[in-house]
Amino acid sequence: MIDEPKDDSENVLAFTKRFDSNADIKDMRNFVESDQAVPRCMHGGVLVSEFERKVTCRRCGAVLDAFDHVLSIAKQETKLDWELRQLRGEITDHRTGLEKLKREELNTRNRIKNAEGKLAKISMEIANMSIAAGIPVAAVTRDTYTDAENS
């Protein structure tokens with residue numbers, strides 16, 4: 001009689017190597033993430049049935065919790081209200097900036113008119129001094145510039 005070796009495979013623990021070092025952390029989580037991206041319906045259009053007293057998505061047909069739907073609408077309105085306030089503030093800022101630019105433009109135009117007046121006065125003084133000195137000077141005024149451009 002030959003003694004056959006005893007099979008102790010029931011008492012042997014198999015050790016496996018973990019490839020993911022964070023596997024123990026993932027095991028402790030309360031939710032499981034899907035590896036594939038599943039397209040979700042955002043429930044943009046809903047059908048409200050007074051008779052059945054339920055809210056149903058028009059796209060996917062899912063029955064929605066009425067409170068959650070009303071809450072999402074309220075949050076969207078709050079977001080829109082905040083954005084509207086921000087935009088109104090920007091409009092006010094742009095209006096004040098526009099008023100400043102208009103005042104600056106008006107001041108610049110007035111400075112140009114004053115400079116043209118001073119230039120004409122200096123030109124006349126030079127012409128008068130040249131005439132007094134007996135030097136013939138062609139009187140160049142603003143009108144002669146515009147006449148030369150028109151011809």
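Please read all numbers here as calculations on a predicted model, not as lab measurements.
For E125, the CD atom counts as densely surrounded, since its 6.0 Å shell holds more than 12 non-hydrogen atoms of other residues, nucleotides or ligands.
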Side chains of residues 93-102: which donor-acceptor pairs under 3.5 Å do they make with residues two or more places apart or in other chains?
residue: T96; atom: OG1; partner: T92; partner atom: O; Å: 3.4
residue: T96; atom: OG1; partner: D93; partner atom: O; Å: 2.7

Taking distance alone, no hydrogens or angles, what donor-acceptor pairs closer than 3.5 Å link side-chain atoms of residues 61-71 to residues at least two apart or in another chain?
none

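In this structure, CD on E90 lies 5.5 Å from CG on L87, to the nearest 0.5 angstrom. Atom CG in L84 sits 8.0 Å away from atom CD1 in I91 (nearest 0.5 Å). A distance of 10.5 Å separates CD in E105 from CG in N110, rounded to the nearest 0.5 Å. In this structure, CD1 in I122 is found 8.5 Å from NZ in K118, a value given to the nearest 0.5 Å. The CD atom of Q76 sits 10.0 Å away from the OG1 atom of T78 when rounded to the nearest 0.5 Å. Interatomic distance, SG of C60 versus CE of M42, reported as 11.5 Å (0.5 Å rounding).
Side-chain atoms of N128 come within 3.5 Å of backbone atoms of M124 as a donor-acceptor pair (strictly under, hydrogens ignored).
T108 is listed as a side-chain neighbour of R111, based on a closest heavy-atom distance under 4.5 Å.
Taking both residues in full, the closest heavy atoms of C41 and R59 are given as SG-CB, 3.9 Å, listed atom of the first, atom of the second, then distance.
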